Amino acid sequence: MRIGNSSQGIWQLLSRMNGGKANTNTPFAGARRSGAGGRNTLEDLLTGHYKNSHGVEGMVITKGSNRKRIMPVSDEMKQFVYNDVKDAFYKYNGMSGDNEAEQKRYSAAINNYLKTIKKEDRSATSWTLGQMKVNFANKVASAVKEKVPGWTYGKPIPSDVLDEIFADEGITSTVSGEAKGLDMKI
């Protein structure tokens, strides 16, 4: 094999992919915007319509992004994040667990929600949801540590203790946005 001519076969292949058009300098000139997942076509890249790996535009956090700002979030999404934290404590003792199907379901729900938000606000909304999850988890972990001295993440938590914690208005008010002591106002 001659190294000097290795690109010739690639250009021929790209030309065939481009419908055999003579202009091989831009092999993907006829590319259309892809709706499949997070694949960015050449047109996407040239027009600035960058998508993340889940196909959500507006998630680029470079170029002086102001993503670290609190955005309003629907009550349904607050409840969704709260339920995810609650499940993590009941199933995995405060850890994230290793159930890939659960993680994909959570990511898909977040990304589907982000697609309903204005493109300019998606990154900040994603950051807000992440902060909510951390705040919920920290609040629950603090309550567990008060009731079970010496507890650390991953150690078993009696279910009656969790039932009591998740019935407490200090925790449930976090979802309604009426929490006192929450580090962020949603």
Side-chain angles (χ1 to χ4, degrees), residues 35 37-40 44-45 47-148 151-154 157 161-186:
R39 284 187 248 151
N40 288 301
D44 292 332
L45 299 175
T47 59
H49 292 280
Y50 304 108
K51 293 177 270 190
N52 69 3
S53 61
H54 301 283
V56 181
E57 284 187 48
M59 299 300 290
V60 176
I61 58 171
T62 58
K63 302 177 188 169
S65 162
N66 63 348
R67 74 181 184 95
K68 290 186 177 182
R69 55 194 164 104
I70 302 301
M71 298 297 296
V73 177
S74 73
D75 290 339
E76 293 81 20
M77 283 312 295
K78 289 179 191 176
Q79 188 65 48
F80 180 77
V81 172
Y82 176 81
N83 288 341
D84 189 66
V85 170
K86 186 176 179 179
D87 290 347
F89 275 89
Y90 275 101
K91 291 181 182 178
Y92 307 112
N93 301 309
M95 304 292 280
S96 61
D98 61 353
N99 187 327
E100 190 174 331
E102 287 177 1
Q103 292 170 357
K104 284 183 178 183
R105 178 191 56 79
Y106 180 82
S107 293
I110 297 292
N111 285 305
N112 287 336
Y113 175 70
L114 292 174
K115 289 177 184 178
T116 67
I117 305 294
K118 286 190 323 187
K119 186 170 97 170
E120 301 80 34
D121 295 336
R122 289 177 182 170
S123 184
T125 302
S126 176
W127 183 81
T128 300
L129 290 168
Q131 294 301 302
M132 285 176 60
K133 187 171 184 175
V134 168
N135 282 335
F136 290 162
N138 286 342
K139 198 164 192 171
V140 173
S142 294
V144 170
K145 288 177 182 178
E146 282 179 18
K147 297 190 180 293
V148 182
W151 176 82
T152 58
Y153 291 96
I157 308 166
V161 170
L162 287 174
D163 293 342
E164 184 180 335
I165 289 170
F166 284 108
D168 183 2
E169 283 187 35
I171 301 295
T172 58
S173 65
T174 309
V175 179
S176 66
E178 300 166 8
K180 292 174 179 59
L182 186 63
D183 293 338
M184 55 191 263
K185 189 74 178 157
I186 301 296

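Quantities reported herein were computed from a predicted structural model and do not represent experimental measurements.
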request  = Supply the atom-to-atom distance S142 OG to K147 NZ, rounded to the nearest 0.5 angstrom.
outcome  = 12.5 Å
Backbone of F80 reached by a side-chain donor or acceptor of D84 within 3.5 Å = no
ask   = Does L129 reach the side chain of Y113, with side-chain heavy atoms less than 4.5 Å apart?
value = yes
task = Assess the pair F166 and Y90: is the distance between their ring centroids shorter than 6.0 Å?
result = yes
query = Between atom CG of L114 and atom OG of S123, what is the distance when rounded to the nearest 0.5 Å?
reply = 9.0 Å
ask   = Are the side chain of T128 and the backbone N or O of M71 linked by a donor-acceptor pair below 3.5 Å?
value = yes
message = Once rounded to the nearest 0.5 Å, what's the spacing between atom OG1 of T125 and atom CD1 of I70?
response = 10.0 Å
message = For the OH atom of Y82 and the NZ atom of K133, what is their distance to the nearest 0.5 Å?
response = 14.5 Å
ask   = With distance as the sole test, does Y106 use its side chain to make a donor-acceptor pair with the main-chain N or O of V81 at under 3.5 Å?
value = no
note = Heavy-atom closest pair (R122 atom, K115 atom, distance to 0.1 Å) is NH2-O, 3.2 Å
query = Taking atom types as modelled and ignoring hydrogens, do the side chains of Q103 and N99 form a donor-acceptor contact shorter than 3.5 angstrom?
reply = no
key: Spatial distance of atom NZ (K91) from atom OG (S96) [nearest 0.5 Å]   = 12.5 Å
query = Heavy-atom distance under 4.5 Å between the side chains of I165 and D168, does that happen here?
reply = no
ask   = Can you tell me if S107 uses its side chain to pair, donor with acceptor, with the backbone of K104 under 3.5 Å?
value = no
ask   = What is the minimum heavy-atom distance between V85 and F136, and which atoms define it?
value = CG2-CB, 3.9 Å
query = Is a donor on one side and an acceptor on the other found under 3.5 Å between the side chain of K78 and the backbone of M132?
reply = no
request  = Over all heavy atoms of both residues, which pair between Y153 and N138 is shortest? Give the atoms and the distance, please.
outcome  = OH-OD1, 3.9 Å
task = Nearest 0.5 Å please: distance from the CD1 atom of I157 over to the CH2 atom of W151.
result = 4.5 Å
task = Would you check, one step at a time, whether the test side chain to side chain donor-acceptor pair (under 3.5 Å) holds for D75 with Q79?
result = CA-CA 6 Å; D75 290 339; Q79 188 65 48; over 6 Å; no
ask   = For I110 and M77, what are the C-alpha separation, side-chain angles and deciding distance, and is it a side chain to side chain contact (heavy atoms under 4.5 Å, CB included)?
value = CA-CA 8 Å; I110 297 292; M77 283 312 295; 3.3 Å; yes
request  = Could you pull out the closest heavy-atom pair between E120 and R69, with the gap in Å?
outcome  = O-NH2, 3.3 Å
